[in-house]
Amino acid sequence: MKKNEEYEVVITDTAVGGEGIGKVDGITLFVKDAVIGDRARVKITKMKKRYGYARLMDLLEPSPWRAEPKCRCYRQCGGCQLQALKYEKQLEFKQKKVDEDLRRIGGFGEVCAEPIIGMENPWQYRNKAQFPVGRDAEGYPAAGFYAARSHRIVPNRDCPIGLPVNRKVLDAVLSVMEETGVEPYEEETGTGCIRHILIRCGIHTGEVMVCLVINAEELPHAERFVEALSALQGMKSISVNINRQRTNVILGETVRTLWGQPFITDSIGGISFRISPLSFYQVNTVQTEKLYELVSEYAGLTGSETVWDLYCGIGTISLFLAGKARKVFGVEVVHQAVADARENAVRNGIANAEFLEGKAEEVLPLLWERSRQEGRPFDADVVVVDPPRKGCGEELLQTMLQIRPARIVYVSCDPATLARDLKVLCAGGYELRRVRPVDQFCQTVHVETAALLIRERSQKQV
Ligand code: SAH
């Protein structure tokens, strides 16, 4: 089989990146834009020894699981890899991904995840959006997204997994740019001003934050931007973020408030949170409530426990659990997030939560070592971890195995590193008791999972 040859294939599976998988003479082909259940004519674009990549040429028989994509640019954007697949089939794909990673990477032969918790309306869920700014084909300022694997801007103001307010904000910013002549940033030359438009919205409060990322110390005609944006319903915070680096990192370190507060508020499970432009906040608030309920169930708190919430962000899980625990400690590396977490404890009148700034893999081993030297017991009945995609890291896992909490609740946004870390914990005397995916990232291939590990009884006395 060679490049440019055409074949007829039946798509029998979905790949990790969302492409369709089909076989020709035992050779696996990854077919972009094909979905499971399609029969199609495809053209090979690249061939490796045992597999190849192909493009969809002709849809001979469309899959019964095909859905009409809501977004007119979903193929170019590539952010929603599964938009052409019916939602129930998206959920099936994620369920299978978790089961397969647990088996293949974790070696958990007989463990199956509990049914994934889907979203009732899997659209308009993202509470955060970051639109790059550039020029359209006619040279007018435009905002949208980068075409897949490039930095060419495809104008789009109507992302269907984002909120309707995004469009109003983009309209306002772009029209003030046209009126005042404030230029979009140009990556090739490093000139121009506005790089990105960051929008955040409190799903329960309706509060809106706009942060313009600029390649300057000051935003020219700031008063005009403020005038147009502050007129929008729910607007609470308008700021600029200064990023003068020639990199593709979106945000710089400095944020200056132009109007309103330096934060917005939102709530999860009745607890109210203050969110700053630079802090992490789960993007799907509706599903996050379900995820945290699951974490709470897994934690099995009775009121007497000491809980550690590692990678705590602005303290959302810590504060969600604080009412059911004796004491909660949160650990987080981003300074502003720790400040937000402390402020969030105060604003909710929660006195039994304490936040420590630093890397989880440094803070925990240090405190554990200190308690041992002083001959004190280390209080940790439940440890919750919610690391970034790369997972926990060996050192933290080993410290957890020495501390030996009765329960470990692992929240993960990557089933592969989850399976890897669970294997280490289970080899060290824990039993994987429950696992359940929650769909936080509808229309995309990303999967969120919670897992419960229980300390094995036989080793308790060691
Ligand atoms: N549990 C929180 C945040 C999860 S996201 C929530 O549900 O909202 C992961 C968080 O880990 C981010 O806030 C990130 O800043 C933080 N982080 C990344 N690496 C870290 C490390 N090595 N130690 C501690 N925190 C880290």
Side-chain angles (χ1 to χ4, degrees), residues 273 276 278-282 288 291-292 294-296 298-299 301 305-322 325 327-345 352-373 376-430 432 440 448-453 455:
F273 295 101
S276 306
L278 298 181
S279 304
F280 177 90
Y281 186 62
Q282 299 276 358
T288 296
L291 175 69
Y292 289 0
L294 193 62
V295 169
S296 172
Y298 285 6
L301 301 173
E305 294 84 358
T306 300
V307 179
W308 285 78
D309 175 19
L310 309 179
Y311 309 89
C312 71
I314 59 171
T316 41
I317 294 179
S318 318
L319 299 178
F320 193 84
L321 297 179
K327 174 90 194 188
V328 180
F329 292 98
V331 181
E332 161 66 42
V333 73
V334 173
H335 176 77
Q336 183 59 48
V338 176
D340 281 356
R342 289 178 182 144
E343 171 67 28
N344 287 331
N352 62 338
E354 201 173 306
F355 295 94
L356 311 173
E357 183 177 334
K359 290 185 175 167
E361 66 273 26
E362 291 173 6
V363 172
L364 205 67
L366 193 82
L367 295 176
W368 162 246
E369 195 47 48
R370 197 179 293 163
S371 72
R372 274 211 311 196
Q373 278 172 6
R376 283 184 292 109
F378 187 89
D379 266 346
D381 302 295
V382 179
V383 173
V384 179
V385 295
D386 184 3
R389 266 183 226 169
K390 67 172 193 266
C392 276
E394 194 63 27
E395 191 173 1
L396 179 58
L397 294 175
Q398 291 309 330
T399 306
M400 279 156 65
L401 288 175
Q402 287 173 6
I403 294 174
R404 300 188 56 70
R407 288 170 181 239
I408 298 173
V409 181
Y410 196 131
V411 181
S412 157
C413 52
D414 183 345
T417 55
L418 171 70
R420 182 200 66 195
D421 289 353
L422 292 181
K423 187 178 182 180
V424 174
L425 293 170
C426 288
Y430 280 81
L432 178 58
Q440 296 274 78
E448 186 88 8
T449 312
L452 168 63
L453 295 141
R455 185 176 59 205

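What you are looking at is a predicted structure, and each value in this text was computed from that prediction instead of being measured.
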Check your understanding: Got a donor-acceptor contact below 3.5 angstrom from the Thr417 side chain to the Arg389 backbone?
Key -> yes
Rounding to 0.5 Å, atoms CG (Leu366) and NZ (Lys359) come to a distance of 14.0 Å
Checklist entry - Any side-chain heavy-atom pair from Ser296 and Leu301 closer than 4.5 angstrom? => result no
Sidechain-backbone polar pair: Asn352 side chain, Ala325 backbone, donor-acceptor under 3.5 Å:
yes
Min side-chain heavy-atom separation Phe329-Cys312 under 4.5 Å:
no
Can any side-chain N or O of Arg342 pair as donor or acceptor with the backbone N or O of Phe355 at less than 3.5 Å?
-> yes
query: Looking only at atom types and distance, does a side-chain atom of Glu332 sit under 3.5 Å from a main-chain N or O of Gly313, one as donor and one as acceptor?
result: yes
For this session: Say whether, by atom type as modelled, one donor and one acceptor occur between the side chain of Trp308 and the main chain of Val385 under 3.5 angstrom.
Result: no
Note: Leu396 and Ala360 closest approach over all heavy atoms is CD1-O, 3.8 Å
**Prompt:** Using the ring of each side chain (for Trp, its six-membered ring), is Phe273 parallel, tilted or perpendicular to Tyr281, with breaks at 30° and 60°?
**Reply:** tilted
Residues at least two apart in sequence or cross-chain that pass salt bridge (Lys or Arg N to Asp or Glu O under 4.0 Å) with Glu394, listed by chain then number, are none
*asked:* Please check: side-chain N/O of Asp421 versus main-chain N/O of Cys392, any donor-acceptor pairing under 3.5 Å?
replied: yes
Would you say that Lys327 contacts Asp379 through its side chain, given a criterion of any heavy-atom pair below 4.5 Å between the two side chains? no
When every non-hydrogen atom of Phe378 is compared with those of Trp368, the smallest separation belongs to CB-CE3, 3.7 Å
Under 3.5 Å, is there a donor-acceptor pair between the side chain of Thr399 and the main chain of Glu395? yes
The ring-ring contact (aromatic ring centres under 6.0 Å, His included) partners of Tyr430 (sequence neighbours excluded) come to none
Closest heavy-atom pair, Val383 versus Pro405, reported as atoms and distance to 0.1 Å, is CG2-CG, 3.7 Å
Heavy atoms of Gly358 and Val331 approach each other most closely as O-CG1, 3.7 Å
| said: Donor-acceptor check, side chain of Gln440 to backbone of Thr288, threshold 3.5 angstrom: yes or no? | reply: yes
Taken to the nearest 0.5 Å, the spacing of Leu397 CG from Glu361 CD works out to 10.5 Å
In short, Ile314 meets Asn344 closest at the heavy-atom pair O-ND2, 3.1 Å
- Query: Would a 4.5 Å heavy-atom cut-off, applied to side chains only, mark Ile403 and Met400 as touching?
  - Reply: no
TODO: Would you check if Val334 and Phe280 make a side-chain contact, meaning some heavy-atom pair closer than 4.5 Å?
DONE: no
What one should report as the nearest heavy-atom pair of Leu452 and Arg407 is CD2-NH1, 4.0 Å
Partner of Asp386 under side-chain contact (heavy atoms from CB on, under 4.5 Å), picked from Val409, Leu310, Val295, Ile317, is Ile317
